[in-house]
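Each ligand, and each atom within it, is numbered from 1 in the order the structure gives.
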Amino acid sequence: MKLHVLHCGTIRVSEAVPYGNAIDLKNTARQLGAPERARVTLPVCAYLIEHPRGLVLVDAGWDRAISPRGVYDAEAVRRYLPAHLAALYRPCLPEGMAIREQLAARGIRPEDLCCVVLTHLDPDHVTGLRQLSGARRVVLSEDEYFWSCRTVYKLRQPQALWIDLPIERQFYRGSSLGPNRWAIDVFGDGSVVMVNTPGHTDGHASVLVRSGRRFVVLVGDAAFSPRNWREMITPGYGFSRSMQLKSLQWLRTMAEDPDCAAALCSHDPEVPPQTIEF
Ligand SMILES: [Zn+2]
């Protein structure tokens, strides 16, 4: 199996987002009002998998409209996102980095994708979907979709950004995997499994990609780098610290497994674009 790590632009967020170690009003204020010097630039990853069933994409990054000229454009961001999310993310999408542009550079059309798997509905993971109409399936957990009705998620995940897109929802089922032992086996053969790793959102999925004994864990936003599970520091952006900790424990076990080829977080600046064969 071949897995390509793609960088689909950046976010420039408060240091409290990856390593806040609490979810409280203090951290929220730190994140929304962070001055430039207290911010870090993090990549926004998507993953292209050359799977025996076809091309699988995990997450879709930012929509080109967020950064029409390929530079940080505060006005374009404010047109696209509510003010509090614009202040949180400060996104940028350089030319050629939008998911559709990167696929086109590889000669791949959206209709060539047999499946797009979404880890969760935050805008830095789903807005690139707008440019992928024609993909054969887009899969999301029913739990993520359902809980998006909660006020906290309405603020985080404005429905207008994705509600009209053709998204297939699947329920998590009992599984041997994950802190809740809940998972969605996308092809029914254990090769691509969405494992519920809640804490960042209720329905959040990390994606386990398996080839024989070897596997890669696409962590999503359950952690921002291995530092989170090595030091058990929880991210400051999420809905439940206790669930974040349970998810980090499970991720640590998976990352330390000798058959784990890589455990990759969506916003880890230490993970450059690369191809992993396993
Ligand atoms: Zn994210």
Discussion item. Quick check for you: with the Zn ion (ligand 1) as the vertex, what angle do NE2 of H125 and OD2 of D221 span, to 10°?
Written reply: 90°
Item to complete: Can you see which heavy atom on V186 is nearest to which on R137, and at what distance?
Response: O-NH1, 3.5 Å
Worksheet item: Has H267 got an N/O/S atom less than 2.8 Å from the Zn ion (ligand 1)?
Response: yes
Discussion item. Could you check whether T41 and R12, counting side-chain N and O atoms only, form a donor-acceptor pair closer than 3.5 Å?
Written reply: yes
Worksheet item: Taking atom CD of E95 as the centre, does the number of heavy atoms from other residues, nucleotides or ligands within less than 6.0 Å exceed 12?
Response: no
Discussion item. From the N, O or S atoms in D124, identify the one nearest to the Zn ion (ligand 1).
Written reply: OD2
Practice prompt. May I ask you to decide if G9's main-chain N or O and H7's side chain share a donor-acceptor pair within less than 3.5 Å?
Written response: no
